[in-house]
Number of protein chains: 2
Amino acid sequence: MASIHDVARVAGVSASTVSNVLNGRHERMQAETKARVLRAIEELGYTPNALAQQFKSGRNRTIGLIVPSVANPFWGALAHRVERAATALGYKVLFCNAERDPQLETRYAETLLASGVRGVIFSSSPLSFDHLSHLTRRGLVVAAFDRRGHGAEEVVACSVSIDNELGGKLAGQHLVGLGHRRIGFISGPIKTSSRVGRLNGLRAAMAKAGLELDPDLVWQGAGIGGYGDTEGPELGRIGIRELLSRDDPPTAVVTINDMYAIGGYAGARDLGASIPGDISVVGFDDIDLAAVVHPALTTVRQPLAAMAETAVQALIRVLEGTNEGAEPHVSATPQLIVRASTAPPRDRTHPNNGAR
Amino acid sequence: MASIHDVARVAGVSASTVSNVLNGRHERMQAETKARVLRAIEELGYTPNALAQQFKSGRNRTIGLIVPSVANPFWGALAHRVERAATALGYKVLFCNAERDPQLETRYAETLLASGVRGVIFSSSPLSFDHLSHLTRRGLVVAAFDRRGHGAEEVVACSVSIDNELGGKLAGQHLVGLGHRRIGFISGPIKTSSRVGRLNGLRAAMAKAGLELDPDLVWQGAGIGGYGDTEGPELGRIGIRELLSRDDPPTAVVTINDMYAIGGYAGARDLGASIPGDISVVGFDDIDLAAVVHPALTTVRQPLAAMAETAVQALIRVLEGTNEGAEPHVSATPQLIVRASTAPPRDRTHPNNGAR
DNA sequence: GTGAAAGCGCTAACAC
DNA sequence: GTGTTAGCGCTTTCAC
């Protein structure tokens, strides 16, 4: 492949002149020289060796995005949005699947850092980022998606999330408003800040109505990988079956995301239970599929596109040192999208529910 | 960040000795020297600068994967499998979303090549790769997923696909065997080799039974992006509604993938048509969701994991020059998974179907 | 305005 | 066995 020297030779100039043209330092350059260089570049079909550029400059206009699992279209959509936002700023994106495994996360982050990627967005954030602190000390800049930074958190440079607690509240208020008193929660391990927040929000909404969230109705599936993303629908299916089989089953459930909810549909059908007749279901995310399944899913929407843009922009500002004084955390507002999977409980005088 | 020289200094050796340790050339090295080097590495928390390594060696053990859209979990699953296969061989993967847009594909391929990535897997292959020929001349190695290489195809180094025509045939035979005579086909633009193949297979299966595929029943949706991936479910929904509204509607449809099929479920419901009572549906891919939706989807499975592995291994063999004599194309066998979305047509003596 | 030269961190001949 | 040396392709002072 042609190098900068080939271009220089063909144009009859030196390599540094070519470099100057390439890097836009041609203000006070003779138009003629510049034209010759450009012609030579054209003629040779020359592209600068990006590797060499990065190597030399130390920067490489690439950010990393670590997602738990691209099997959930929500993360796929996020990846897409992040890529668009990054491209708009002249950055590229390296995607990695880390399955929420801290070890894998660390390994990927190390690899990225070693490849010259300084900024990485972690898209489903563990409760702690301690496992990354040795990398941030070496220059890694961490952006957290799906998490609210805690004050003392030195590891995370910026973060974006919906107010997960509010999201849980919205779901809870909606169900309580419909008359539900026994509400279940179906999730993978509740070990990420978003999961904890959503559960807390639900609990708070119920408390406000004088209801208690029965801990027996909080179902946590453990996937093969430990966090049950790939298996979301499968876990939702099992979870709802188990909850419906309890002595005193819930009349509604909130699931940790839409894929769990869709699996929940299957689980309810397995037992001959109808949605929303026998059980109401609220999801999280509002993936495209939520409007397509039957019954259309009531869910808490995350404003994904805006969040992705915010995260990318904040991260890049930090990388470029132009983030002075900016808020380290941006909170987006979730929105309840009411569709057809929620309705008043069928039997409000059921002995176990108690008379109103 | 610590460099190889820092390590050398601390260990009291030269940089090349450190390099030798790093690169496993320590067979006839004094155990003591090696130990000192390792201790120094440990002490400094040294990681080789991968950028510099790549830059120097020209190779970077990274491959690219260009997918049409991560909004379809099938591609997400593929990405995951590719990543696993690549990791097992010590390679990393750079993912890109190209929306099946040849221009975007070209741009990404250029970027990848400029970043030192020589091998790229194109995961949903256009009918022609001509737009990439200038890049292959500059050293890009193209692997095609989802496409059968044509003899004269010089651009593609290796390819993997299911036998799409056989896939279409399996779907067709199944439906014909159930007694269907009017079968529709729902797809985005039929401009990729896999889509053409599937349609041809369906047509062939029908022809074998003395049936003709009515061109009016071949529905091609055009998405915003032109290829309708992101909008798969939405297009499936519209497609089935349009086909069911024909004067002489089909009693079964084959959709280009499972996401279209799931959208088709919604479309049928929109019109009050039941599946499989009023219309049978066959998908393609067998994504996880296929078993979860109701009714469980009959579909043509692609053996994804094996295909991803094959593609990655073949590509890497070509990159490393150890592919002598290997078959440039590997064909995987699709498999019909019969579930609950297909059944005999309800009214086999319907006037429009003609008496049997 | 343009060119010469040094060097980023690493690898790989080739000395020793 | 280990060290010396010469670059990889580019950017960037700093002369001229």
Side-chain angles (χ1 to χ4, degrees), chain A residues 1-41 44-62 110-111 113-118 138-139, chain B residues 1-41 44-62 90 111 113-118 138-139:
Chain A
M1 269 205 26
S3 90
I4 200 170
H5 293 106
D6 300 320
V7 176
R9 195 168 26 72
V10 170
V13 296
S14 79
S16 34
T17 301
V18 178
S19 174
N20 283 335
V21 173
L22 250 39
N23 295 289
R25 280 183 296 269
H26 35 97
E27 282 123 43
R28 24 198 193 178
M29 203 152 89
Q30 293 206 351
E32 149 74 27
T33 313
K34 183 178 152 192
R36 273 218 315 279
V37 170
L38 290 176
R39 220 177 310 124
I41 288 176
L44 293 166
Y46 165 75
T47 330
N49 180 329
L51 234 53
Q53 289 179 312
Q54 294 166 206
F55 168 59
K56 183 67 172 101
S57 65
R59 282 163 297 100
N60 69 358
R61 299 186 80 77
T62 300
E110 268 167 3
T111 307
L113 188 56
S115 314
V117 175
R118 277 186 51 233
R138 274 167 46 198
Chain B
M1 274 209 19
S3 88
I4 200 170
H5 294 105
D6 299 321
V7 177
R9 196 169 25 74
V10 169
V13 296
S14 79
S16 38
T17 300
V18 179
S19 173
N20 284 334
V21 173
L22 252 37
N23 295 287
R25 280 184 294 270
H26 37 96
E27 282 122 42
R28 25 203 194 172
M29 202 151 88
Q30 291 205 354
E32 148 73 25
T33 312
K34 183 177 153 192
R36 272 218 316 279
V37 170
L38 291 176
R39 221 177 306 123
I41 289 177
L44 293 165
Y46 166 76
T47 330
N49 180 328
L51 234 51
Q53 288 179 313
Q54 294 166 205
F55 168 59
K56 178 69 174 116
S57 63
R59 282 164 296 99
N60 69 355
R61 299 187 81 77
T62 300
T111 307
L113 188 57
S115 313
V117 175
R118 276 186 51 231
R138 274 166 47 200

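Residue numbers start from 1 in every chain, and the chains themselves are labelled A, B, ... in the order their sequence lines are given, proteins ahead of strands.
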Taking the minimum atom-to-atom distance to the side chain of [X], which one of [options] wins?
X       : options               : answer
B:Ser3  : D:dC10, C:dG3, C:dG9  : C:dG9
B:Thr17 : D:dG9, D:dG3, C:dC10  : D:dG3
B:Tyr46 : C:dC10, C:dT2, D:dC10 : C:dC10

Sorted by chain and number, sequence neighbours left out, side chain to side chain contact (heavy atoms under 4.5 Å, CB included) with A:Ser16 holds for A:Ser14
Can you list the residues that meet the side chain to side chain contact (heavy atoms under 4.5 Å, CB included) rule with B:Thr111, with sequence neighbours excluded?
-> A:Lys92, B:Ser115
Pairs under 3.5 Å (N/O, protein and nucleotides 12-16 of chain C):
| from | atom 1 | to | atom 2 | distance (Å) |
| --- | --- | --- | --- | --- |
| C:dA12 | OP2 | B:Arg25 | NH1 | 3.3 |

Whole-Å distance between [N] [atom2] and [X] [atom1]?
X       : N      : atom1 : atom2 : answer
A:Leu51 : D:dC10 : CG    : P     : 11 Å
B:Gln30 : D:dG3  : CD    : C1'   : 14 Å
A:Gln54 : C:dC10 : CD    : P     : 16 Å
A:His5  : D:dT11 : NE2   : P     : 11 Å
A:Ile4  : C:dA5  : CD1   : C1'   : 14 Å

Check whether any side-chain N or O of A:Gln53 sits under 4.0 Å from OP1 or OP2 of D:dT11, and answer yes or no.
-> yes
Name all residues meeting the salt bridge (Lys or Arg N to Asp or Glu O under 4.0 Å) criterion together with A:Arg39; count only those two or more places apart in sequence or in a different chain, and write none if there are none.
-> none
Identify, with sequence neighbours excluded, every residue that meets salt bridge (Lys or Arg N to Asp or Glu O under 4.0 Å) alongside A:Arg61.
-> A:Glu320
Let me know, please, whether B:Val13 or B:Phe55 comes out on the 5' side of the other along DNA chain D by nearest nucleotide.
-> B:Val13
Distance-only donor-acceptor pairs under 3.5 Å for side chains of residues 31-38 of chain B, two or more places apart:
| from | atom 1 | to | atom 2 | distance (Å) |
| --- | --- | --- | --- | --- |
| B:Glu32 | OE2 | B:Arg36 | NH1 | 3.0 |
| B:Lys34 | NZ | B:His26 | ND1 | 3.3 |
| B:Arg36 | NE | B:Ala11 | O | 2.8 |
| B:Arg36 | NH2 | B:Ala11 | O | 3.4 |

Rounded to the nearest 0.5 angstrom, the CZ-OG1 distance for A:Arg118 and A:Thr62 is 12.5 Å
